[in-house]
Structures are given as C-alpha cells and as structure tokens.
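Let me begin by presenting the structure, written as structure tokens, before commenting on it.
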Amino acid sequence: MDQQKHTTEDTLTDIFGSKEMRSPAPTEFIPKNKTAPEIAYQLVKDETYPQTQPRLNLATFVTTYMDDYATRLMNEAININYIDETEYPRVAVMCGRCLNIVANMWNSPEKAEWKTGALGIGSSEACMLGGVAAWLRWRARRKAAGKPFDKPNLVMSTGFQVVWEKFCQLWQIEMRTVPLTLAHPTLDIGEALKACDENTICIVPIAGVTWTGLDDDIEGLDKALDAYNAKTGYEIPIHVDAASGGFILPFLHPEKKWDFRLKWVLSISTSGHKYGLVYPGLGWVVWKDKKYLPDEMSFSVNYLGANITQVGLNFSRPAAQILGQYYNFIRLGFEGYKEVQQNSMDIAKYCHEQIGKMPCFRNYAKEVVNPLFIWMMDPEYDKKAKWTLFDLQAALQQSGWMVPAYTMPKNIDEMIVMRIVVRQGMSRDMADMLLGDIRNAVAEFEKLRYPTPSRIKYENKEHQKGKVYTH
C-alpha cells in the first residue's frame, strides 16, 4: 500500500477519495509509511462488514451484548494487565470478590474468607486447571501408596468440548469416552463407571452439553460414584464442566443438586463470557476447599517489588472482563440475573415449540433445559426432501443469521442437526424474524425440482453405507 500524507481536513472529508482506499490491503508485509488514523480505522472497519453481526450469531455461546455502562467500564480498563497486582490492587480484590460470589452461588462449604478458585481467559483454561488439579491429586495418592502413576485416564461422554481432548493430549492422559446414543442422550452413568479403574483421575459430567443443550445427571452420578468408591476403595472425584450451566442452574433451578452440595464434586468450571453475561474472554474455576488445589499449581514470583501468586496457565491477562463481571453482579443482582436467564429460556422454548410444529422438522429433545436446543429433519419428510439442513444454514446466512448445522458425535454421527443458542440480546421480535426466515427458506426449498449439491452428496454418502438414513 502506498501511503500519502493527509491533512486533517482531507481525511475527514475524503477518506474514500484517498489512494489507500483503491490500493490492496497489506497481507504480507508491514506498510513502509504511515496512514492517517481515520483511513486506517475505516480500512480495518470495512474488513468486518461481510460477516454476521454478533447479535445475529446464534451459533456462539459467547456474550454479544452488554449495556453501555458495562462497555464503558471495560473500555476504560482495556490497558490494565490483571497480573500486576501491586500496581492494580483493587482489580485483584474485585477478582477475589467475584470468585467468592461464584463459589457461594455453587454452595461452597469452604469457611475461608477468600474461596479457593482461579481466573481463566475462558472456560477452556478453567477446565484445564480443574483437570490438572485432579491429575496431580491422583498422582500424589499413587506415589504415597507406592503404586505406578504413568497411566492416568479421564472419563466423560462423547459430548465433550474439544478442550478436554486437548487437555488429555497435552498431559498424556487417556481419554475414555462414553458414547451418546438416542437411548442415552446424556452421560450413561453405568457405562461411565465401567470405564473407571484405579487410574481414573476424575469423571467429568457436563452441565449444558454443547452439542445438545442437555445436562448430565450429576446428582445421579454422585450417588452411583459414592457406592462405587466405597466398593473399590478408590477416591475418584467429579469435576463439573459447567461452561454454560454454571450461570443457569443457580438462578433458574436453585433447588437442583449438581454443585458442591454433592459429596464427590471437588471442582467446577464455568465461562463468565457465556451466561455470565460478560464479553470474551473470561472463565472461572472453583475448588470445594483449598486442600483440593495442589500446592504445585500456585506459582509465586517476585515481580515489581512484590510476591505474586498465580494459579492460571499464563500471567498476562486482561482486567477488563473482571470489572465487567463484578459490574454485572452489582448491577443485576440475583433477581436481575434470574430475569435475563429466564427471558433467554422463554425465548428458546418459544423457538423450540414453533420449530417443532413445522412438518419438516423434529426436535431432538422434548424439553429445553438450557437456553439452547437442537432439531433435525423429520424422518418421513427427509426421505423425499431435495435439501438438507446445511442448505438451510446457507439460506439463513443470506439474511445475516448464523444458525449452525452439524453432525453429532461418534456413534450417532450420521445425524445432522441444527442448533440455536439464545443469549442476552435476543428478543421475541428477533425470534419471530428468525422463524419467518426459516419458514420462507423452507417454502423455497419445497419448490425445488432437483436436489441441491448438499443433498446429492448426502444421499451418495448414505447409499455408500448401504442404508436408508433415519433419525
């Protein structure tokens, strides 16, 4: 790009008359000369236009709306590095307060003034920390007993989020998965216990499975695991991956036991930037008591004249999200969070009901337990259809919506589904617009005389398998 000098008057009035606007954007090398800020801003801004607007992205779980005051607070803290606790001690205090609030929200029994937990860039880092703690505790027990500790394993369903696969690869832990099936759309407790042995570091149930929106039966697992541990003499704990459910269950189902009220739940992770209602990236992990956080996970360094203790996987991290979370806790309170989550749930249920009434579709589950759900093609309709859900995804994108179509995990991977995630910022009116666009797209598909390329590819694949596709 050939940069030229511009006066303030020129750049304010002639951005689109500038030479930069008719030159290719830099893709390989840093430009030789400077560009006026107004032009640089417009060039970068223009790059974002041909993509889904965040609030129309119903594929993501991540928060896409915060109020003006929250946004202002976070923008004002964008230059603060959380780890510099000596320079920004009040940020550290607010982080501790957030951990206390989250821990108590999950019925922590810990009596200490400051509950045991850690901040994460997202729920992925929080999951990693919970997994590492379970692994180190298991290893310490094996060492103390004079037993080998070279073959650890972890048990969870095939509905896992990819971070768990990454965790097991990085720490060389065998990942034992229990298949999701139509008969067992959540973790099969009996099969999970069959997969356990003396080398199992933990079982990981999920509150808010990414694939389906359903919750594993954590209370049932805890009861069965208690009997299993008593019989075998093992001490297999539970780490709950509550990336979504951690901020749904306490407000909409406070009576449900899934958290630290259960005996073997020793750690829980969640995502503050999902239903915690904060812009990305923010995660939280809490342990039942300080004794469950291995000492070797707390790293202390002398930095800028003070000892700083850090549990996370990295040191530098933004402080803005902490302020956003603390603001939400103050601004919304329990009742405010409950109202926001209930609105999301009600709109999800409305969409679930309306889509379920369409002859071409069938909902995966009868109930909506989190503000998201999946659906598939009706089996009878599907036999004659000239289109697939991948075509519907493409059609909705033309109206700005991002509604993903995908195949399910192993064992039911022939099943194609679509998913809607409802978050703060999705209104009933927006839901009606989406449903209208779905109906219009289906009406156009039903006029097709020939199958779409997606349908041809799908039918060829099913023909090669030698079977007719059913759900």
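Counted within 6.0 Å of CZ on Arg72, heavy atoms from surrounding residues, nucleotides or ligands total 12 or fewer; the atom is thus considered open. Counting heavy-atom neighbours within 6.0 Å of Arg142 CZ, excluding the residue itself, gives a total above 12. No more than 12 heavy atoms of other residues, nucleotides or ligands shown are found within 6.0 angstrom of CG on Asp68. Within 6.0 Å of atom CZ in Phe334, more than 12 heavy atoms from other residues, nucleotides or ligands are found, so the atom counts as buried in its surroundings.
Checking Trp264 against Asp226 by side-chain atom types alone, a donor-acceptor pair falls below 3.5 Å. In summary, the side chains of Gln53 and Asn57 do not present any donor paired with an acceptor at a separation below 3.5 Å, with no hydrogens or angles considered. Defined by atom type and a distance below 3.5 Å, a donor-acceptor pair is present between the side-chain atoms of Tyr350 and Arg428. Side-chain N/O atoms of Tyr88 and Asn81 include no donor and acceptor closer than 3.5 Å. With hydrogens and angles left out, the side-chain atoms of Ser269 and Ser123 include no donor and acceptor closer than 3.5 Å. No hydrogens or angles considered: a donor-acceptor pair under 3.5 Å links the side chains of Gln354 and Arg439. Counted by atom type alone, Arg137 and Tyr292 present zero donor-acceptor pairs between their side chains at under 3.5 Å. A donor-acceptor contact closer than 3.5 angstrom is absent between the side chains of Glu339 and Asn343. Inspection of the Glu20 and Thr35 side chains reveals no N or O donor paired with an N or O acceptor under 3.5 Å. With hydrogens and angles left out, the side-chain atoms of Thr64 and Arg423 include a donor and acceptor closer than 3.5 Å. Between the side chains of Asn107 and Asp259, a donor-acceptor pair is found at a separation under 3.5 Å.
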Should Leu136 and Ile201 be marked as a side-chain contact (heavy atoms from CB on, under 4.5 Å) after you check the CA-CA gap, both sets of side-chain angles, and the distance that decides it? CA-CA 9 Å; Leu136 291 176; Ile201 66 170; over 6 Å; no

Verdict with reasoning, Phe160 to Leu154, per side-chain contact (heavy atoms from CB on, under 4.5 Å): CA-CA 12 Å; Phe160 64 84; Leu154 174 148; over 6 Å; no

Using the rule given for side-chain hydrogen bond (donor to acceptor under 3.5 Å, both in side chains), can you reason through Thr388 versus Ser454, listing the C-alpha separation, both sets of side-chain angles and the distance that settles it, and then say yes or no? CA-CA 7 Å; Thr388 70; Ser454 172; 2.6 Å; yes

Asp241 vs Trp164, side-chain hydrogen bond (donor to acceptor under 3.5 Å, both in side chains): CA-CA, chis, key distance, verdict: CA-CA 10 Å; Asp241 181 350; Trp164 288 107; 2.9 Å; yes

Let's go through Val178 and Leu187 carefully: what are the C-alpha distance in whole Å and the side-chain angles of both, what is the deciding distance for side-chain contact (heavy atoms from CB on, under 4.5 Å) to 0.1 Å, and is it a yes or a no? CA-CA 7 Å; Val178 179; Leu187 179 67; 4.0 Å; yes

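Among Trp106, Tyr275, Tyr337, the one residue that satisfies the ring pair (Phe, Tyr, Trp, His ring centres under 6.0 Å) test with Phe251 is Tyr337.
Aromatic pair Tyr364/Phe373: ring centres not closer than 6.0 Å. The six-membered or imidazole ring of Trp287 lies away from that of His239, with a centre-to-centre distance of 6.0 Å or more.
Using a 4.0 Å cut-off between charged nitrogen and carboxylate oxygen, Arg317 and Glu125 count as a salt-bridge pair. Taking the charged nitrogens against the carboxylate oxygens, Lys45 and Glu47 have no contact shorter than 4.0 Å, which rules out a salt bridge.
Distance check: Glu235 CD to Thr200 OG1 gives 13.0 Å after rounding to the nearest 0.5 Å.
Among residues at least two apart or in separate chains, side chain to side chain donor-acceptor pair (under 3.5 Å) pairs with a member in residues 401-412 are Trp401-Asp437.
Geometrically, Lys288 does not engage Phe260 in a cation-pi contact, judged by NZ or CZ lying under 6.0 Å from the ring centre and within 45° of the ring axis. Note that Lys143 lies in the cation-pi zone of Phe149, set by a 6.0 Å cut-off to the ring centre and a 45° limit from the axis.
Heavy-atom minimum distance, Leu221 versus Ile189: N-CD1, 3.4 Å. Between Gly245 and Asn370 the shortest heavy-atom distance is CA-OD1, 4.2 Å.
In this structure the side chain of Gln393 never reaches within 4.5 angstrom of the side chain of Leu389, judged on heavy atoms. Residues Leu277 and Gln341 meet the side-chain proximity criterion, which asks for heavy atoms closer than 4.5 Å. With a 4.5 Å cut-off on side-chain heavy atoms, His273 and Gln321 do not count as touching. Residues Met408 and Val417 have side chains in contact (heavy-atom distance under 4.5 Å, counting atoms from C-beta outward).
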